[in-house]
Amino acid sequence: MKSNEIGKIRNIGIIAHIDAGKTTVSERILFYTGRSYKIGEVHNGEAVMDWMPDEQERGITITSAVTSCEWENHQIQLIDTPGHVDFTIEVERSLRVLDGAIGVFCAVGGVEPQSETVWKQAEKYHIPKISFINKIDRIGANFLGAVDMMVDRLKENPLIIQLPVGSENNFSGIIDLIKMKEIVCDDDSPGADYSLKEIPEDFVDKAEKYREKMIESIADFDDNIMEAYLADETIEEADIISAIRKGTIDLKFVPVLCGSALKNKGIQPLLDAITNFLPSPLDIPPIQGIHPETKELVTCPPRSNNPLAALIFKVSMIEGRKLTYARVYSGKLTAGSEVYNSSRSKKEKLSRILKMHANKKERIKEAGPGSIIGIIGPKESATGETLCNKDKPVLLEKIEFYEPVISIAIEPQTHSDQDKLDHVLSKYIIEDPTLKVVQDKNTGQTILSGMGELHLEIIISRMVREFNTKVTVGKPQVVYRETVKKEARATVVFDREIAGQRHFGEVSIKVFPTERRSGNKITSNLNNDDIIPSVYIPVIKQSIKDSLKSGIIMGYPVTDVSIVLTGGSFKESLGTDIAFTVSTSMALKEALSKADSFLLEPIMDVEIIIPEEFTGDVIGDLNSRKGKIVSINIRQNSQIITAVVPLSKMFGYSTSIRSATQGRGTFTMKFSHFDSTE
């Protein structure tokens, strides 16, 4: 693939809070670029990007869907991501391989909680963004209010490049501050026809005021615009677009557009903004990895003739077959070829390479830099792993996964279901790294853990729908953590003969609590091989790490604890890995029991939107749930209550909030941290 072709690629994702209109925007993009022959509506269950039956029934996005389309000679590779907090891993792994993002905000709700979460995820990967203020036609829409919330909540520098003409039922067009024209859509066509007209007289002053602000903001980061602005010269449209593009890619500001996706207004200008302002693979720094053996830094520029570097960001099980999604950063993938998985030190065969359109597939022979494709063939490769050439290996940074916070016990209903259960669950674990399955040794039950009630509900639904595996489900249970209250020490000697060989190892350790959310810290005070040879120190540390995965109270992982190796002994020719592994594990368990271990539970950030007259009742209910009020703010005619509440007290809260507010209250929550509520 030539560099000029790579420069025409836009790898973008659509991110937002649930119900902000992400999938509706995606469907319009597909229609106006000619990728779809008709507009699929979310509320009718016809959205192309929401292809799973559970998505169509519920009207929400559950899994990120990949597609590609063309606009003005540019190839747009688009990922529509979920907005519900339970599926935040889908956003995380999508953003890991994207070059740009569109943040969709509701003009009524503004910047909502999950919008903040996904925005911060995009910031973690330094992704340039543009903002689309959607639903300008809804009652209560406030374009400038939503922009102000971007400043307050996201700490962003929004650059307004469009203004709505009217709002709510009076929303009639969009003022383009770059062209200084009004974009008027034909209401008799599905938005495909629009024209540029002179700005209405009663909006001219406002348009000139905000164009002045736009130019001033750009001038702060562009010397050519600054010179022309100070000299009061005419600034060409092409120069403005070029300056906005540079400022967006350099993360200096976020261009803000507006419209109503459902009413087909503002989508074509949004497509222009994608191609004009968001980066191609050539506009961002080349991805870097490390050599898996030498640990030297390896740079992977987006060139076809360079060694291969591709990252697997998602695995799906579709119709019983494994489909691997990957982003090619350097080199190229060829169908039928063999590649090297540097994460596992194994070779994999690429049977087919696919260009994806949601759940539809198109076979292609090869994929070059910047491509986001599906692959059939790799058997063992998993999410976050690297594909490369064996003679030029590279290891790209892995994708971070979230730990589950909620569990349910499941039991097969029949013997045939029992036989299928383990097989079915193994497929979902391959798909979803945030899903965990363990066997309870005491009850023999299968414990399924995930990111929330909806997450687990969807998995159970898919088990029945896709594999006809029926299970009985227990009540949701909170996933806790364990920690300690005080310092404690323990010494254990392991001296035993196993299979005719004597094993000896003595370990002394100290444990003590650390600050909440600081994680675990393992250190050694030993610097003398006469106490314990240095060759055994990594064995001891690994034993500590393994033992911390299961605490002494209820077997939950141990966190926020510092463990120090303080002493021990060995005997010449009798010291073994087994001896030090076992003695370390036993010493840690003893120290944890002496240190007064106790449980930490998941604490959730909760935002509740209610009419003002119900504030007292809702706060009283939160107090009864051991919630702590963080703030109470007014947004238009509603009260916005933010609080932190233990997850164990939030089961069934959706019913409670509806009852307390006559069905007018809504809430969102996301995991914050583990802590004690005592």
Side-chain angles (χ1 to χ4, degrees), residues 290-296 341-346 380 385 393 395 398 403 436 438-439 441-442 481-515 518-598:
I290 59 169
H291 192 288
E293 295 172 4
T294 66
K295 306 304 178 186
E296 293 178 353
N341 182 325
S342 56
S343 305
R344 294 178 180 260
S345 301
K346 290 189 175 182
E380 297 186 43
E385 297 180 351
L395 196 58
K398 286 194 170 188
E403 289 297 318
K436 307 291 184 192
V438 297
Q439 297 293 326
K441 296 177 182 177
N442 298 319
R481 293 289 183 270
E482 298 184 19
T483 191
V484 299
K485 289 183 181 178
K486 63 181 184 181
E487 180 181 311
R489 297 171 183 264
T491 300
V492 169
V493 177
F494 183 85
D495 187 358
R496 192 173 300 174
E497 188 173 301
I498 302 174
Q501 180 182 353
R502 188 178 169 197
H503 299 263
F504 179 90
E506 179 183 0
V507 171
S508 297
I509 63 171
K510 175 179 71 173
V511 303
F512 57 91
T514 60
E515 288 185 11
S518 63
N520 296 323
K521 186 178 181 182
I522 304 171
T523 56
S524 172
N525 283 348
L526 306 184
N527 50 20
N528 187 341
D529 274 12
D530 292 339
I531 301 173
I532 296 177
S534 58
V535 68
Y536 294 119
I537 301 301
V539 175
I540 291 171
K541 289 185 175 180
Q542 186 60 50
S543 180
I544 292 173
K545 289 180 182 177
D546 292 341
S547 298
L548 289 173
K549 294 177 182 177
S550 178
I552 63 167
I553 304 174
M554 298 174 66
Y556 291 112
V558 180
T559 189
D560 299 342
V561 173
S562 184
I563 303 97
V564 183
L565 176 61
T566 58
S569 67
F570 82 109
K571 293 182 179 180
E572 198 69 45
S573 77
L574 300 181
T576 63
D577 287 357
I578 292 175
F580 283 106
T581 296
V582 176
S583 59
T584 300
S585 177
M586 293 170 65
L588 180 59
K589 297 295 184 186
E590 184 180 328
L592 290 174
S593 64
K594 291 179 180 178
D596 291 349
S597 290
F598 66 100

Exercise for the section: Decide if atom CZ of R344 counts as having more than 12 heavy atoms of other residues, nucleotides or ligands within a radius under 6.0 Å. Expected result: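 Atom CZ in R344 is packed in, count exceeds 12.
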Contacts table for residues 572-580: side-chain donor-acceptor under 3.5 angstrom, sequence neighbours left out:
| from | atom 1 | to | atom 2 | distance (Å) |
| --- | --- | --- | --- | --- |
| T576 | OG1 | H503 | ND1 | 2.8 |
| T576 | OG1 | A579 | N | 3.1 |

Mind checking the [atom1]-[atom2] spacing from [X] to [Y]? Nearest 0.5 Å is all I need.
X    : Y    : atom1 : atom2 : answer
I552 : S547 : CD1   : OG    : 12.0 Å
I509 : L592 : CD1   : CG    : 7.0 Å
I553 : R481 : CD1   : CZ    : 13.0 Å
T584 : I563 : OG1   : CD1   : 11.5 Å
S597 : K589 : OG    : NZ    : 9.5 Å
I540 : S585 : CD1   : OG    : 12.5 Å

Which residues pass the salt bridge (Lys or Arg N to Asp or Glu O under 4.0 Å) test with [X], sequence neighbours left out?
X    : result
K571 : none
E482 : none
K295 : none
K541 : none

Is the side chain of [X] donor-acceptor paired with the backbone N or O of [Y] at a distance under 3.5 Å, no angle test?
X    : Y    : result
T483 : T559 : yes
N520 : V558 : yes
K594 : R489 : yes
S543 : T581 : yes

Residues which pass side-chain hydrogen bond (donor to acceptor under 3.5 Å, both in side chains) with [X], listed by chain and number, not counting sequence neighbours:
X    : answer
K346 : E380
S562 : none
K398 : none
S569 : E506

Identify the heavy atoms of [X] and [Y] that sit nearest to each other, and give their distance.
X    : Y    : result
T491 : S508 : OG1-OG, 2.7 Å
I532 : F570 : CA-CD2, 4.4 Å
A587 : A490 : O-CB, 3.4 Å

Practice task
Name all pairs fulfilling the salt bridge (Lys or Arg N to Asp or Glu O under 4.0 Å) condition that reach into residues 553-567, sequence neighbours left out, sorted by first residue then second.
Solution key: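 Salt bridge (Lys or Arg N to Asp or Glu O under 4.0 Å) check on residues 553-567 returns R516-D560.
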Exercise for the section: Find out whether K485 and P513 are in side-chain contact, i.e. whether some heavy atom of one side chain is under 4.5 Å from a heavy atom of the other. Expected result: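 Not touching, per the 4.5 Å side-chain cut-off.
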Exercise for the section: Flag the pair S343 / L395 as yes when at least one side-chain heavy-atom distance between them is below 4.5 Å, and no otherwise. Expected result: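 Answer yes - side chains close enough.
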Practice task
Go through the structure and list residues passing ring pair (Phe, Tyr, Trp, His ring centres under 6.0 Å) with Y556, not counting sequence neighbours.
Solution key: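 Once residues adjacent in sequence are excluded, the partners of Y556 under the ring pair (Phe, Tyr, Trp, His ring centres under 6.0 Å) criterion are Y480.
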Handout entry: Results of side chain to side chain contact (heavy atoms under 4.5 Å, CB included) for P538 - residues two or more places apart only
Key =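 Per chain and number, P538 pairs via side chain to side chain contact (heavy atoms under 4.5 Å, CB included) with no residue.
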